[in-house]
Visitor: 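Have a look at this one before I ask anything.
Starting from 1, each residue takes its place in the sequence as its number.
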Amino acid sequence: MHIQFPRTHLPLPDPPPFPTHPISLKISVFFTMVLIFTYFFYCLTGFCDSAPRTLYRQQALEYDVLGDHRSVLDDLRPPARLLPDAPALRNRTVASSTDAGQVDAPGQLPPLSDKGSAPSSGMPVSNTFGTKRFPQAIIIGVKKGGTRALLEFLRIHPDVRAVGAEPHFFDRFYDRGLEWYRTLMPRTLDGQITMEKTPSYFVTKEAPGRLCTLNCQTKLIVVVRDPVTRAVSDYTQTLSKNPGLPSFQSLALKNSSSGLIDTTWSAVRIGLYAKHLENWLQHFPLSHFLFVSGERLVSDPAGEMGRVQDFLGLKRVVSDKHFYFNQTKGFPCLKKPEGSSRPRCLGKSKGRPHPDISSEVLQRLRDFYRPFNQRFYQMSGQDFGWE
Ligand SMILES: Nc1ncnc2c1ncn2[C@@H]1O[C@H](COP(=O)(O)OS(=O)(=O)O)[C@@H](OP(=O)(O)O)[C@H]1O
C-alpha cells in the first residue's frame, strides 16, 4: 500500500548567499581567519586543556585529606604562567602564587585571593612554554626553620620556578611514581631552575635514598634554626590546630621529676640535626648541601639570599632592594615584587607569637641539644651560634 503523506507547503528559507563578490569574499575569509586565530589563542591559553586541572583537583583533594588547606589553595591555581617575553607577568604569578593565606601585604591590605595568580586581564595565560622537569634543587628542611620565607624570596628570581605547595613525594607519596611527581612541577625554560620545598624530607629515613635514585646531583638546601625555638614554634603550630594539646613541658619532658627529655616527641626529635644529616650523608656528599641560618634569614635576608643564589649558580638578583623590615610583623617582608603593585609579608601562620614556656624547661632543652649542635657545627663546617 502506498501511503501518501500530506504535503507541507512551508516555504524553505533561502540558503545564505555565498559571497561571490571579491570584497565580500575577502571579508568572509578575514573573519574565518579571526575565528581560527581566536580558537588557537583560546587553546594556547589553556582553556582547551582540561588534563592539568584534573590533576590539580586530584592533588587538592589529597592535601585536603591531610588538612593542609593552605597548600591546597596554592595547588588549585593553574600552574604559574610563563611567557618567555613577559617577565613582569611571570613574576606577578610567582609572587602571588604563594600559600594564599600566607602572604599578606602589611597594614590593612587583605591577603591575596585564590584567584590572585591570574594576570590583571583575568585571562589565564598559557603555561604551554617550557618543560616540566624534576627539581635540580630542593629545600629539604627543616620544619619551622624558615623554609617558606626562603622559597618565597627565591621565587622573585626570574631563573627560579618552584612548586608552591609541598609535594611530599619522597616521604608520603612515593608510591605515586615519578611521573606523578614530575607533573606537579612548573614548566621551565632552559637555564631556569625547578625547585620544591618539603621540610619533612630532612627527617625521613628513606628520603635521601629515594632522591638519589632519581638524581644524586640534586642540590640540597637546609634552613636550620635554633632547635629550642624550632621546637617551640612546632608546638605553637600544633597548638593552633589543637587547642586542647597538653603543655609544652609535659610533652618535652619524660616526667617532670627526672627532667629527662622525651626524644620520641617529634618536636624534639626534628632538632637533632646531626643525626638527620648523618643519614643524608650516606647518599649525598657534603658539597651538595647548603645550610641556611633561619636566624640570619630574618636578621639579614639579603645576605643569606646572596649565599643561596651563589650555591644555586644564579646571578645575584635578589638583594637588599627587595626587602624591608615590617615593624608590625617583626619580620622582613618583600617590597613590591616586579609585576605586583604592593609589598608582601608572609601570612599570619609565619612569625606568630609563641606561648610562654618556663625558663627551666628551655634551659633543660638547651643543655640537651648542646652536644648535638656541636656535632652539627662540625659536620656542616658552620657555627650557627645557638647557645
Ligand atoms: N620573613 C619572614 N616572615 C615570617 N616568618 C619568617 C620569616 N623568615 C623566617 N620566618 C620564620 O619562618 C618560620 C616558619 O618556618 P617554615 O616556613 O619553615 O614553617 S613550615 O615548616 O613550612 O611550617 C616562622 O616561625 P614562627 O616565628 O614560629 O611562626 C618564622 O620565625
Visitor: Measure the SG-OH distance between C345 and Y324 for me, rounded to the nearest 0.5 Å.
Guide: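 Going from SG on C345 over to OH on Y324, the span is 4.0 Å.
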Visitor: List the atom of N279, the atom of P208, and the distance in Å for their closest heavy-atom pair.
Guide: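 It is ND2-CG, 3.6 Å.
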Visitor: Can you tell me how far apart CD (E179) and CG (L184) are? Round to the nearest 0.5 Å.
Guide: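 One gets 10.5 Å once the value is rounded to the nearest 0.5 Å.
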Visitor: State, yes or no, whether a side-chain contact exists between R187 and K132 at a heavy-atom distance under 4.5 Å.
Guide: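 The answer is yes; the side chains approach within 4.5 Å.
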Visitor: Are any side-chain N or O atoms of K329 and backbone N or O atoms of K350, one a donor and one an acceptor, separated by less than 3.5 Å?
Guide: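 Judged by distance alone, yes, a pair lies under 3.5 Å.
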Visitor: Are L245 and L251 close enough, and set up right, to give a side-chain contact (heavy atoms from CB on, under 4.5 Å), and what steps lead you there?
Guide: CA-CA 9 Å; L245 196 69; L251 292 166; 4.1 Å; yes
Visitor: Checking S233 side chain against T229 main chain: does a donor-acceptor pair fall under 3.5 Å?
Guide: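 Not confirmed, S233 side chain does not pair with T229 backbone.
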Visitor: Heavy atoms, side chains only, cut-off 4.5 Å: are L214 and F170 in contact?
Guide: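 L214 vs F170: side chains touch.
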Visitor: How close do T218 and P135 get, heavy atom to heavy atom, and via which atoms?
Guide: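 Distance-wise, the nearest heavy atoms are CG2-O, 4.0 Å.
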Visitor: Counting C-beta onward and ignoring hydrogens, is there a side-chain heavy-atom pair between S200 and H168 closer than 4.5 Å?
Guide: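 S200 vs H168: side chains touch.
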Visitor: Report the C-alpha distance between E278 and R375 in whole Å, list the side-chain angles of each, state the deciding distance to 0.1 Å, and finish with yes or no for side-chain contact (heavy atoms from CB on, under 4.5 Å).
Guide: CA-CA 10 Å; E278 242 160 46; R375 174 95 189 100; 3.9 Å; yes
Visitor: Check whether F173 and I140 end up in the same hydrophobic cluster, where Ile, Leu, Val, Met, Phe, Trp and Tyr are linked by side-chain heavy atoms less than 4.5 Å apart.
Guide: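 Yes, F173 connects to I140 through the hydrophobic network.
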Visitor: Are V268 and F376 in one and the same hydrophobic cluster, where Ile, Leu, Val, Met, Phe, Trp and Tyr link if side-chain heavy atoms are under 4.5 Å apart?
Guide: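 In one cluster with V268: F376, no.
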Visitor: Verify the cluster assignment for L297 and F311: are they in a single hydrophobic cluster under the rule of side-chain heavy atoms below 4.5 Å apart?
Guide: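 Yes.
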Visitor: Is there a side-chain contact between L362 and V232, using heavy atoms and a 4.5 Å cut-off?
Guide: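 They are in contact (side-chain heavy atoms under 4.5 Å apart), so the answer is yes.
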Visitor: Should L312 and I221 be marked as a side-chain contact (heavy atoms from CB on, under 4.5 Å) after you check the CA-CA gap, both sets of side-chain angles, and the distance that decides it?
Guide: CA-CA 10 Å; L312 294 175; I221 300 179; 4.2 Å; yes
Visitor: Of the non-hydrogen atoms in V142 and T147, which two are nearest, and what is the gap between them?
Guide: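 Closest heavy-atom pair between V142 and T147: O-CG2, 3.4 Å.
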Visitor: On a heavy-atom basis, which atom in E295 and which in D226 lie closest, and how many Å separate them?
Guide: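 For E295 and D226, the tightest heavy-atom pair comes out as OE2-N, 2.7 Å.
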Visitor: Answer yes or no: is there a donor N or O on one side and an acceptor on the other, between the side chain of R230 and the main chain of K143, under 3.5 Å?
Guide: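 Side chain of R230 to backbone of K143: a pair is present.
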Visitor: Against Y201, only a single residue in R210, E196, E206 fulfils side-chain hydrogen bond (donor to acceptor under 3.5 Å, both in side chains); can you say which?
Guide: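 Result: among R210, E196, E206, E196 is the only option passing the side-chain hydrogen bond (donor to acceptor under 3.5 Å, both in side chains) with Y201.
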Visitor: What do you reckon, is CG of D356 surrounded by more than 12 foreign heavy atoms closer than 6.0 Å?
Guide: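 No, because the 6.0 Å sphere around CG of D356 holds 12 heavy atoms or fewer from other groups.
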Visitor: Hey, is the main chain of S293 close enough, under 3.5 Å, to the side chain of E304 for a donor-acceptor pair?
Guide: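 Checked: pair present.
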Visitor: If you take the centroid of each ring, where Trp contributes its six-membered ring, are Y369 and W386 closer together than 6.0 Å?
Guide: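 Ring-ring flag for W386/Y369: false, centres at least 6.0 Å apart.
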Visitor: Would R161 and T188 count as having a side-chain donor-acceptor pair, cut-off 3.5 Å?
Guide: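 The criterion, which ignores hydrogens and geometry beyond distance, is not satisfied for T188 and R161.
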Visitor: May I ask you to test the I261-L365 pair for a side-chain heavy-atom distance under 4.5 Å?
Guide: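 Yes, their side chains come closer than 4.5 Å.
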Visitor: Check whether Q309 reaches the backbone of M305 with its side chain - one donor and one acceptor, N or O, closer than 3.5 Å.
Guide: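 Present.
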Visitor: Measuring from T131:OG1 to R182:CZ, what's the distance to the nearest 0.5 Å?
Guide: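 One finds 8.5 Å between OG1 of T131 and CZ of R182.
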Visitor: Centroid separation under 6.0 Å, is that true for the rings of F291 and Y273?
Guide: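 Ring-ring flag for Y273/F291: false, centres at least 6.0 Å apart.
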Visitor: Between H283 and T213 (side chain of the first, backbone of the second, donor and acceptor by atom type, cut-off under 3.5 Å), is there such a pair?
Guide: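 No; judged by distance alone, with no hydrogens or angles, the pair does not exist.
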Visitor: Going only through I, L, V, M, F, W and Y residues with side-chain contacts under 4.5 Å, is there a path from L272 to M379?
Guide: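 Result: no, two separate clusters.
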Visitor: What heavy-atom pair brings S240 and R352 nearest, and what distance separates the two atoms?
Guide: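 Taking every non-hydrogen atom into account, OG-NH1, 3.5 Å.
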Visitor: Between F284 and H288, how do the two ring planes meet: parallel, tilted or perpendicular, split at 30° and 60°?
Guide: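 Plane angle between 30° and 60°, so tilted.
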Visitor: Do you reckon M185 sits in the same ILVMFWY cluster as L178, going by side-chain contacts under 4.5 Å, direct or chained?
Guide: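 Hydrophobic grouping puts M185 with L178.
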Visitor: Does the side chain of R307 come within less than 4.5 Å of R296's, by heavy atoms?
Guide: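 SC-SC contact between R296 and R307 confirmed.
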Visitor: With a 3.5 Å distance limit and no angle check, can you tell me whether R364 reaches the backbone of G259 through a side-chain donor-acceptor pair?
Guide: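 Yes, R364 side chain to G259 backbone: donor-acceptor pair under 3.5 Å.
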Visitor: Does Q136 reach the main-chain N or O of T194 with its side chain, forming a donor-acceptor pair under 3.5 Å?
Guide: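 Side chain of Q136 to backbone of T194, a donor-acceptor pair under 3.5 Å: yes, one is there.
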Visitor: Testing the basics here: between L151 and V163, what is the closest heavy-atom pair and its distance to 0.1 Å?
Guide: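 Looking at all heavy atoms of both residues, the closest pair is CD2-O, 3.6 Å.
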Visitor: Kindly compute the distance separating CG (D234) from CG (L239), expressed to the nearest 0.5 Å.
Guide: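 Separation between the atoms: 11.5 Å.
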Visitor: Verify, without hydrogens or angle tests, whether R225 (side chain) and K144 (backbone) share a donor-acceptor contact under 3.5 angstrom.
Guide: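 Looks like yes, one N/O pair under 3.5 Å.
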Visitor: CZ/R172 to OG1/T198 distance, rounded to the nearest 0.5 angstrom?
Guide: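 The CZ atom of R172 sits 8.5 Å away from the OG1 atom of T198.
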Visitor: Using atom types as modelled and distance alone, determine if a side-chain donor or acceptor of D383 lies under 3.5 Å from a backbone N or O of Y377.
Guide: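 No: the side chain of D383 does not pair with the backbone of Y377.
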Visitor: Measure the shortest side-chain to side-chain distance between F368 and P227 over non-hydrogen atoms and say whether it is less than 4.5 angstrom.
Guide: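 Heavy-atom side-chain distance check fails, nothing below 4.5 Å.
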Visitor: Taking the six-membered ring for Trp and the single ring otherwise, decide whether the centroids of W265 and F248 are under 6.0 Å apart.
Guide: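 Ring centroids of W265 and F248 are less than 6.0 Å from each other.
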Visitor: Should the pair F289 and W280 be assigned to parallel (<30°), tilted (30 to 60°) or perpendicular (>60°) ring geometry?
Guide: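 Geometry flag for W280 against F289: perpendicular rings.
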Visitor: Rounded to the nearest 0.5 Å, what's the gap from NE2 on H322 to SG on C333? Could you check?
Guide: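 If we round to the nearest 0.5 Å, H322:NE2 and C333:SG are 14.5 Å apart.
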Visitor: Taking only Lys NZ, Arg NE, NH1 and NH2, and the carboxylate oxygens of Asp or Glu, determine whether D190 and R133 approach each other closer than 4.0 Å.
Guide: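 A salt bridge is present here (some side-chain N lies under 4.0 Å from a carboxylate O).
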Visitor: Of the options L150, L154, I138, which is the one that meets M195 in a side chain to side chain contact (heavy atoms under 4.5 Å, CB included)?
Guide: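 Running side chain to side chain contact (heavy atoms under 4.5 Å, CB included) over L150, L154, I138 with M195 returns exactly one hit, L154.
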Visitor: Given the rule in the side-chain contact (heavy atoms from CB on, under 4.5 Å) test, do F129 and L189 qualify, once you have shown the distances and angles that lead to the verdict?
Guide: CA-CA 7 Å; F129 296 97; L189 301 173; 4.3 Å; yes
Visitor: Would you mind reporting whether L211 and L220 have side-chain heavy atoms less than 4.5 Å apart?
Guide: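 Of all side-chain heavy-atom pairs linking L211 with L220, at least one is under 4.5 Å.
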Visitor: Using a 6.0 Å distance limit plus a 45 degree cone around the ring axis, check whether K275 lies over the aromatic ring of F372.
Guide: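 No, K275 does not lie over the aromatic ring of F372.
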